[in-house]
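Keep in mind that the numbers below use all heavy atoms, side chains included, and drop hydrogens, waters and symmetry copies.
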Amino acid sequence: MLENKKHFVCDNNKEELTLGTLHFHEANELIRQKLAKCSSLILRNVFAQRYIGCAMPTGKSIYVFGTPGNDMAAYMDGGSIEVFGNAQDQIGNTMNDGVVVIHGRCGDAAGYAMRGGTIFIRDDCGWRVGINMKQYQDKCPTIVIGGNAGNFLGEYMAGGIILLLGKAGSYLATGMHGGVIYLRKNIDLSGITDDLSICPLDDSDETKITGLLNSYSENFGDELDKFTLPDIEEFVKIVPKSARPYANMYAN
């Protein structure tokens, strides 16, 4: 059972809550009340309740059994959320810090305007993941995707890191003006626009990718059939050529 996996934290200061068909307003009020008294909360029978873990601070953990709704971990400011299943749209919306782990796939716009923290997605993701991610000082928002990504991955990306182990959809990194996307060399890179550069890795890139791959393996490796970490030599990085790719469209 997933609950017996090494990453499932057994904590004496934990509580459980069954959501079932509770309306998301009522569900989130109960979640806040529980987390005020404990450090870890197990949510069972989750049926698409929105805003789970919204603005959650450091020191708190939520384990979700079921399918959380839109905007899980929105504005999250620390702590961790682990989902044993799929997640819906906009997980990590404007997330500031913390870790989200999805043992499945997620929908569209994960990491929308994300400002910090890390999201690990075991399988595929929908469209517009990482849209308008941004980076400030020591905050470096990071998304690791183990499967394929839908269209517009990294759209208007202004900072941070996206590591994709599968294939990218169309319109990759449209309007990207900061940050870096790491892709496998064996995928079709012919759709990369002239606004972007395909670059070899440097030592710093290799260190970052190695750390993220190790974390991905720790989270999901024993769930994936014959999973082995990709070699660093398999990756290239995508970076923008300009911090203002559309400057010529506007009057000075």
Side-chain angles (χ1 to χ4, degrees), residues 1-24 26-28 30-32 34-35 38-56 58-74 76 78-93 95 97-111 114 117-126 129 142-149 163 165-166 212-227:
M1 292 178 60
L2 282 169
E3 197 164 332
N4 294 325
K5 294 168 73 64
K6 61 180 180 296
H7 51 256
F8 185 83
V9 176
C10 290
D11 179 343
N12 291 330
N13 188 21
K14 72 174 185 294
E15 293 198 25
E16 296 196 17
L17 179 63
T18 298
L19 298 189
T21 57
L22 280 176
H23 189 276
F24 71 88
E26 184 178 357
N28 281 297
L30 289 173
I31 289 170
R32 284 190 287 270
K34 290 282 189 181
L35 283 176
C38 69
S39 57
S40 298
L41 178 61
I42 300 168
L43 300 180
R44 301 194 183 277
N45 294 341
V46 177
F47 293 126
Q49 284 88 357
R50 288 174 273 176
Y51 310 123
I52 291 173
C54 181
M56 190 171 71
T58 298
K60 304 292 183 178
S61 297
I62 295 177
Y63 302 93
V64 178
F65 290 86
T67 303
N70 293 354
D71 286 298
M72 184 190 75
M76 194 167 84
S80 65
I81 299 179
E82 191 158 8
V83 178
F84 298 94
N86 299 323
Q88 294 187 346
D89 298 339
Q90 293 180 195
I91 63 171
N93 178 359
M95 178 175 164
D97 203 356
V99 178
V100 175
V101 178
I102 309 294
H103 294 266
R105 74 176 310 279
C106 73
D108 298 338
M114 186 178 172
T118 306
I119 297 175
F120 292 97
I121 303 161
R122 189 191 68 187
D123 301 330
D124 302 338
C125 64
V129 168
T142 302
I143 301 177
V144 180
I145 304 157
N148 300 326
L163 172 61
L165 304 189
L212 292 173
L213 288 175
N214 286 334
S215 295
Y216 179 88
S217 181
E218 288 172 5
N219 284 313
F220 310 123
D222 55 351
E223 300 169 29
L224 303 172
D225 186 37
K226 299 179 181 178
F227 175 76

*Can you check side chain to side chain contact (heavy atoms under 4.5 Å, CB included) on Asn219 and Arg122, steps first, answer last?*
CA-CA 8 Å; Asn219 284 313; Arg122 189 191 68 187; over 6 Å; no
*Please report the C-alpha distance between Ile62 and Met72 in whole Å, then the side-chain angles of each, then the deciding distance to 0.1 Å, and finally whether the side chain to side chain contact (heavy atoms under 4.5 Å, CB included) criterion is met.*
CA-CA 11 Å; Ile62 295 177; Met72 184 190 75; over 6 Å; no
*Apply side chain to side chain contact (heavy atoms under 4.5 Å, CB included) to the pair Leu19 and Phe24, showing each step before the final yes or no.*
CA-CA 9 Å; Leu19 298 189; Phe24 71 88; over 6 Å; no
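A parallel orientation is assigned to the rings of Phe84 and His103, their planes being inclined by less than 30° (bins at 30° and 60°).
Residues Ser215 and Val144 fail the side-chain proximity criterion, which asks for heavy atoms closer than 4.5 Å.
Asp71 meets the side-chain hydrogen bond (donor to acceptor under 3.5 Å, both in side chains) test with Gln90, Asn93; sequence neighbours excluded. Residues passing the side-chain contact (heavy atoms from CB on, under 4.5 Å) test with Thr118 are Phe120, Thr142, sequence neighbours excluded.
At least one donor-acceptor pair closer than 3.5 Å links the side chain of Asp89 to the backbone N or O of Asp108. Looking at Asp124, its side chain does come within 3.5 Å of a backbone N or O of Asn148 through a donor-acceptor pair. When atom types are taken as modelled, the side chain of Asn70 and the backbone of Gln88 share no donor-acceptor pair closer than 3.5 angstrom. A donor-acceptor contact shorter than 3.5 Å links the side chain of Lys60 to the backbone of Leu35.
Between Pro68 and the choices Asn86, Ile91, Ile102, Val83, the side chain to side chain contact (heavy atoms under 4.5 Å, CB included) rule is met once, by Val83.
For the atom pair Asp123 CG and Leu224 CG, the distance stands at 7.0 Å (nearest 0.5 Å). Between the CZ atom of Phe65 and the CD1 atom of Ile42 there is a distance of 6.5 Å, given to the nearest 0.5 Å. In this structure, CD in Gln49 is found 7.5 Å from CD1 in Ile31, a value given to the nearest 0.5 Å. The distance from the CG atom of Leu17 to the CZ atom of Arg44 is 11.0 Å, given to the nearest 0.5 Å. Here the OH-CG distance, from Tyr216 to Leu163, works out to 9.5 Å after rounding to the nearest 0.5 Å. Distance check: Glu223 CD to Ser217 OG gives 10.5 Å after rounding to the nearest 0.5 Å.
The two residues Gly20 and Phe47 make their nearest non-hydrogen contact at O-CD1, 3.1 Å. Here the shortest heavy-atom pairing between Ala110 and Ile143 reads O-CD1, 3.8 Å. Nearest heavy atoms, Cys106 versus Ile121: SG-CD1, 3.5 Å. Ile52 and Ile81 make their closest contact through O-CD1, 3.9 Å (heavy atoms, listed as atom of the first residue, atom of the second, distance). Closest of all the heavy-atom pairs between Val129 and Gly126 is CG2-O, 3.6 Å. Here the shortest heavy-atom pairing between Leu165 and Gly146 reads CB-O, 3.6 Å.
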